[in-house]
Every structure is written in C-alpha cells, then in structure tokens.
Protein chains: 2
Amino acid sequence: MRIGELAERAGVTPRTIRYYESLGLLGPSEREGAGFRYYTEAELSRLQTIHNLKGLGLSLEEISTVIPLYFEDPTRLSGKRKIVEILKSHLHETDEKIEALNQFRSELQANISRIQQWIDEHSESQ
Amino acid sequence: MRIGELAERAGVTPRTIRYYESLGLLGPSEREGAGFRYYTEAELSRLQTIHNLKGLGLSLEEISTVIPLYFEDPTRLSGKRKIVEILKSHLHETDEKIEALNQFRSELQANISRIQQWIDEHSESQ
DNA sequence: TCAAAACATAACGTTAACGTAAAGGTTTTA
DNA sequence: TAAAACCTTTACGTTAACGTTATGTTTTGA
C-alpha cells in the first residue's frame with residue numbers, strides 16, 4: 001500500500017508518517033518506480049505500536065528508544081521492561097508536577113485574598 | 001539613566017527592556033542624541049511593577065491588559081480588581097490541571113501494573 | 001487520453017519570552 | 001586621543017510534533 005492508505009488505516013496523516021521516517025522511527029519497505037513509498041502490514045503494525053505508545057504518553061524521542069527493543073526481541077520482554085521503566089519515571093514527574101501545582105495554588109489563593117482585602121479596605125466609601 | 005542602568009536596577013537584561021518596548025509595555029522617556037534610550041524613575045517603577053506581576057504568574061499579554069489600568073487610575077482600584085479577576089481564572093485553570101494530572105496519574109499506575117503483570121507472567125521461567 | 005487524485009520534496013508557521021551573535025555607531029575614561 | 005564600555009538594529013535560535021502551503025511528478029479512472 002502507499003502512504004495515503006497507510007495513513008488512513010492508522011488514523012494519522014501522510015505528513016506524520018514522513019515525519020516519523022525523518023526521525024528514523026519508521027521506513028517504507030521500498031521506494032518503487034518514481035519514488036513512491038510502499039508499505040506492508042508490518043509497517044502498519046509498527047505505526048500502530050507507535051500510536052499506542054504515544055497514547056501512554058511517551059514522546060517520540062522516548063518511543064525511538066523503545067521501538068527497536070519492541071520489534072527486535074521476539075519475546076518483547078525487554079521492550080516491555082523499558083516501557084515500565086519510562087512510565088515509572090513519568091509517574092515520578094507527575095507526582096512532582098502535582099506537588100508544584102498544589103504549591104502554586106496556595107500562593108494564588110494567598111495573593112487573591114491579600115489583594116481582595118486591599119480592595120475592600122480602599123473602596124469602603126464607595 | 002540609560003538602558004544598562006535601568007536593566008541592572010530592575011534585575012533584567014537590556015534585551016528584556018527592548019522586548020517589552022516592542023510589546024508596548026514600556027517606552028523610554030525620550031531618545032536623545034544618537035538614539036540612545038533615556039529613562040526616569042517612573043519607568044523603573046513601571047518595570048518593577050511588570051516584574052511583580054510576572055511573579056504572580058501573569059503572562060506579558062495579561063500584564064499588558066493590567067498595566068494601563070494600574071498606571072492611569074490613581075486609586076489603582078481598577079488595576080487590582082483586574083488582577084484579582086485574572087488570578088481567579090488562574091486558580092480555576094490550576095484546579096483543572098491538578099485534576100487532569102491526578103487522572104493521568106491513575107492511568108499511569110494502571111498501565112504500569114498491567115504491563116508489569118504481563119512481564120511477570122512471561123518471565124517466570126527465567 | 002486527459003483530468004483528477006495521489007504522491008514527491010522543500011520550507012515556513014505554530015508558542016513565549018527572551019538569549020545570543022553580528023556589524024556597526026557613541027560615550028566615557030585614562 | 002584612543003581604547004574600553006556602552007549603545008543601536010537586525011535576525012536567528014530555543015521546544016515538539018506536526019500543519020500548511022507551494023511547486024512539480026506520477027498514477028489512475030472514465
């Protein structure tokens with residue numbers, strides 16, 4: 001199949017596929033004739049895997065470290081282990097973000113209260 | 001004073017001051033001689049106000065809506081009210097972000113557990 | 001057989017708030 | 001009076017993941 005069909009079946013745009021190719025994430029099986037990209041079911045599968053990993057929140061850079069493991073280890077154990085490792089670091093970062101946001105929230109509340117009080121004090125006569 | 005001194009006294013770089021000028025946030029009192037920017041204490045005060053508002057987490061775009069009120073209303077009431085309004089919307093957005101992150105955290109946990117279980121099931125013999 | 005559909009590459013646009021460098025005037029100070 | 005210090009404008013770089021032209025080639029269907 002060519003890029004348009006692959007794109008449609010995977011739910012992405014041709015631009016996305018070419019972009020992934022430029023990152024080394026995915027290549028066409030071959031470039032026949034005048035240079036059109038031709039793909040097989042294997043590439044569709046690989047593209048869907050990329051899609052799934054994106055759904056887990058991995059960046060394309062992270063995916064590029066997972067994909068080789070994922071497709072070159074028949075048991076897929078090493079790929080899965082790598083994913084768990086990445087997800088755990090995401091969990092850690094998420095906890096830190098939540099903490100930082102809670103802190104930020106408190107400061108916002110304090111600022112609102114402080115300024116609102118200033119307003120109340122200076123607009124009593126109105 | 002010229003841009004270098006203003007920058008140093010306000011704790012920013014000359015580049016920042018020129019950038020603010022390009023956004024209409026701050027202008028020099030005058031451009032004498034060969035085109036040097038000259039500032040007074042009034043611009044220092046304005047720059048410090050911008051700095052303070054940034055400290056509250058306002059974007060330069062938001063600041064540009066606050067600054068005029070702030071410096072053209074002698075009571076500063078309208079400026080303060082606008083700030084409270086913006087801060088409240090920030091509070092709202094922050095709550096939404098925290099909620100989304102908590103949701104994301106749950107999904108991460110679930111994915112980690114699921115994949116880890118897969119690994120455990122497929123690597124018992126090793 | 002010819003127009004429409006699909007494909008190709010190249011390159012700019014998107015966001016915020018400046019950092020940094022280039023190439024060149026001006027002011028200050030020793 | 002000359003060099004150091006300061007100033008000017010212009011413009012590219014920074015981040016991620018593509019979207020969107022623009023321009024030209026190839027395939028396909030009536």
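In the text below, chain A, chain B and the rest are named by the order of the sequence lines, each starting its count at 1. What you see below is based on every heavy atom in this structure, not just the backbone, and it leaves out hydrogens, waters and symmetry mates.
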Distance between C1' atoms of D/dC12 and C/dA11 (Å, rounded):
16 Å

Regarding B/R46 and the six-membered ring of B/Y20, is the cationic atom NZ or CZ under 6.0 Å from the ring centre and inside 45° of its axis?
no

Shortest non-hydrogen contact from B/E43 to B/G27?
CG-O, 3.4 Å

Can you tell me how far the OG atom of B/S106 sits from the CG atom of B/N102, to the nearest 0.5 Å?
7.0 Å

Atom P, compared across D/dC18 and C/dC18: separation rounded to whole Å:
29 Å

Return the value, rounded to whole Å, for the distance between atom CG of B/L6 and atom P of D/dC7.
10 Å

Is there a side-chain contact between B/E21 and B/P28 (heavy atoms, below 4.5 Å)?
yes

I need the full list of ring pair (Phe, Tyr, Trp, His ring centres under 6.0 Å) pairs touching residues 77-121 of chain B, with sequence neighbours left out, sorted by first then second residue.
B/W118-B/H122

Going by chain and number, the hydrophobic cluster around B/Y38 (ILVMFWY, side chain to side chain under 4.5 Å) further includes B/F36

Rounded to the Å, how far apart are B/I17 CD1 and C/dC18 C1'?
13 Å

Any side-chain N or O of B/R37 less than 4.0 Å from the OP1 or OP2 oxygen of D/dT8?
yes

With sequence neighbours excluded, what pairs up with B/T13 under the side-chain hydrogen bond (donor to acceptor under 3.5 Å, both in side chains) test?
B/T16

Whole-Å gap separating C1' (C/dA5) and CD (A/E5)
15 Å

With C1' as the reference atom in both, quote the distance from C/dG13 to D/dG13 in angstrom, rounded to an integer.
15 Å

I'd like to know if B/E41 and B/R9 make a salt bridge, using a cut-off of under 4.0 Å between side-chain N and carboxylate O.
yes

Treat primed atoms plus P, OP1 and OP2 as sugar-phosphate and everything else as base, then score nucleotides 11-26 of chain D 5' to 3': B for base contact with protein heavy atoms under 4.0 Å, S for sugar-phosphate contact only, - for none.
B-----BBBB-----S

Based on the rotation axes of five pairs at each end, what angle does the helix from C/dT1-D/dA30 to C/dT14-D/dA17 bend through, to 10°?
30°

Calculate the interatomic distance between A/I3 atom CD1 and C/dA8 atom P; express it in whole Å.
5 Å

Whole-Å distance between C/dG25 P and B/R31 CZ?
17 Å

Using the salt bridge (Lys or Arg N to Asp or Glu O under 4.0 Å) rule, collect all pairs that involve residues 99-120 of chain A, keeping only residues at least two apart or in two chains.
A/R105-B/D95

Touch check for A/R2, heavy atoms < 4.0 angstrom, all strands: base, sugar-phosphate only, or nothing?
sugar-phosphate

For atom CE of A/M1 and atom P of D/dT28, their distance in whole Å:
15 Å

